Asks: 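What follows is a single structure, and I will ask about it in a moment.
Values in this document were obtained by computation on a predicted structure and should not be read as measured data.
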Amino acid sequence: MHDYRTHTCGELTKTYTGETVRISGWIHRMRDHGGVVFIDLRDTYGLTQCVLEEGSDLIQKISQWRNESVITITGTVKARTAETVNSKMPTGAIEVEIRDAILQSAADVIPFQVAEEDGAGEEIRLKYRYLDLRREKMQRNIRLRNNVITSLRRRMTEKGFQEFQTPILTASSPEGARDFLVPSRLHPGKFYALPQAPQQDKQRLMMSGFDRYFQIAPCFRDEDSRADRSPGEFYQLDMEMSFVTQDDVFGVIEPVMRGVFEEFGTGRTVDPKPFPRIAYRDAMRRYGSDKPDLRNPLEIVDVTEVFARDDVEFNAFKNVIKKGGVVRAIRAPKVVDQPRSFFDKLNGWAQAQGAPGLGYILFEHVEHNNDSTECITSAGDAKGPIAKFLSGRALTMLCELANLESGDALFFICNVEKDAAKLAGLARDKICDDMGIREQGVFRFCWIVDFPMYEFDEKTNKIEFSHNPFSMPQGGLDALENKDPLDILAWQYDIVCNGIELSSGAIRNHKPEIMEKAFAIAGYGKDVLEAKFGGMLSAMRFGAPPHGGIAPGVDRIVMLLAGEPNIREVIVFPMNGQAEDVMMGAPNTADPAHLKELHIKLDLPKAKVEPEAAQKKST
RNA sequence: GCGGGAGUAGUUCAGUUGGUUAGAACGCCGCCCUGUCACGGCGGAGGUCGCGGGUUCAAGUCCCGUCUCUCGCGCCA
């Protein structure tokens, strides 16, 4: 018989009755009835009830073992009597009568409970992550992650993509996030950078003629964390393909995303229609966001023209419009029966966001004309604090623009365009959740396309790349030479699911002359370009195929599928919000000899914490 | 860097207007219990109320400072 197990804790059923088996695992729970003792033994596959019958000479020994100790049990599989069957457990029809038990590893008293969700805080869960990971939910999440990654690999491989490994020790990229640096021993004063993404590597592979690349790629960015952004490092399904247009990239990745969300959606559905494509500018106008959650049925409409009319007296908006501002409206359907507090709370919320308030008009009665392209309302049918400032014609225009029905309300936001769009976007989500009308049980995908190539940076007063400087501008060199830079669009796209940005991608620029011009517009001379991207430019001069790709975030995909609001719930050993691994003690000091070898001298800021307190924390 | 929330037993939390010995559940320890499966019963131990200062006859509670965690903003091509 095997030293540790003949079966797992998830597999024994009635068909094994009478067999002598050996199983190993953790003591999940113990129920000591004095004469008879039950042990739920747990491994990653399941739970099996083991029983010590009355009179067993093992009772004395075993009843002293603590939960989470690792033990090996040898015994006989017995069918339970009808009254004692537990139909909630897959192994609930049997139990193992213990003949022998070995304590493989005794557990101290555990700092939080493994067998139940006791609500332990994240700090302590991360400190004892190996205990936390034993819990059912974490086992399920991490297994899901593994299954998702396996599925992604299979789907990409089936489409003819090859998986590559690209360097971890690589060069700093001047654009984008902060790099993690690694000092070089052989080259004093020089540093490697960890890749923020294998962006240039995958382009080099296309230039190497490999045609279809993918990788479950580790990416490193030294930026602050968020609930959906793990600190320090994360994984992407990175892919790139040659001789393709934007449609070709969508044609490959859309079925992969759809497939994996259908495969692991467990009842949640994906709309069978192609993912809608929304131009960036439309997304900002209609949803106030470049990552709209399409489960939210509310849309934003521009009603600036109504408030600019001479027969509208609302000067609070008029004065902003005169200075170039816009008015955006959100239609809230069928809210006529909402209590006054519904509107007051939203107003208070808007003020907390820094807005003067959230004006609204409640349209009690709206009549549609026969041809149904027009609707009318009269002043008496419009209620709310700002209704009195609008003429009947203006109110009718609002009805038409927002396609209102009787009982609907419009909420108004007025500001310069960028701020109005942003607040309208937030208000759109706030109103949706207050009304409780966000769609449940679905994954709503969309593509955001036609991102602008450049944007005006108000801090530096300069034109900057708005996204990836390697993207191909729509219209190519001609557009760069002849259009207003701020009007130039890029072959740059995002994929969004339920309001979470899963990925950015682009058709890349493969022509050195376009690259030079693109960088010149952003104020970078040929020398800068040559210094920073010399290798890439050079590769472009030896026959570079047109190519493009995308890189969906694996952690975010798993997070969505697991239904977790926090990305750290789907990562085995995440760092905390301060990018520390509290269990491993990373980052940590280096000993002087090691630093010397790396030619590094420290120039530390003044200590923020008393040394004593810092020491207390680290123990 | 900025803003919100939190910090009380091993864990999750309660703690009134500032007023007796700071409580509960789970966990832990001891005893009892022959069928439970979140077993049950009895008893017990366990607290620098994050830390420092202040107000007060009296502070978990009020004030100031500070640290930590978390959410958001900035940042994240």
Asks: Check side chain to side chain donor-acceptor pair (under 3.5 Å) between A:Arg328 and all other residues, then give those that pass, not counting sequence neighbours.
Replies: A:Asp302, A:Glu417
Asks: Between A:Arg125 (CZ) and B:C69 (P), how many Å, whole number?
Replies: 16 Å
Asks: Just checking, is any N or O donor in the side chain of A:Asn86 or A:Gln49 under 3.5 Å from an acceptor N or O on the other one?
Replies: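 Result is no, nothing qualifies.
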Asks: What is the distance from CD of A:Glu117 to P of B:A25, rounded to the nearest Å?
Replies: 22 Å
Asks: Could you summarise the pairing of RNA chain B as dot-bracket text, marking Watson-Crick and G-U pairs under 3.5 Å with ( ) or [ ] inside the strand and | across strands?
Replies: (((((((..((((.....[...)))).(((((.......))))).....(((((..]....))))))))))))....
Asks: Can you measure A:Phe470 atom CZ to B:A77 atom P for me and round it to whole angstrom units?
Replies: 13 Å
Asks: Can you spot which of A:Met241, A:Met207, A:Met472 makes a side-chain contact (heavy atoms from CB on, under 4.5 Å) with A:His547?
Replies: A:Met207
Asks: Rounded to whole angstrom units, what separation is found between the OH atom of A:Tyr524 and the C1' atom of B:A77?
Replies: 10 Å
Asks: Think A:Asn576 has a side-chain N or O under 4.0 angstrom from the OP1 or OP2 of B:U68?
Replies: no
Asks: Could you tell me how far apart A:Met453 (CE) and B:A77 (C1') are, to the nearest whole angstrom?
Replies: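 After rounding, the reported distance stands at 11 Å.
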Asks: What is the separation between atom CD on A:Glu123 and atom P on B:G5, rounded to the nearest whole Å?
Replies: 20 Å
Asks: On a plain distance test, is the side chain of A:Arg226 in donor-acceptor contact with the base of B:G74 below 3.5 Å?
Replies: yes
Asks: How would nucleotides 36-41 of chain B be written as a contact map, 5' to 3', with B for base contact, S for sugar-phosphate-only contact and - for no contact, using protein heavy atoms under 4.0 Å?
Replies: BBSB--
Asks: Just how far, in rounded Å, is P of B:C28 from CG of A:Asp118?
Replies: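 These atoms are roughly 12 Å apart.
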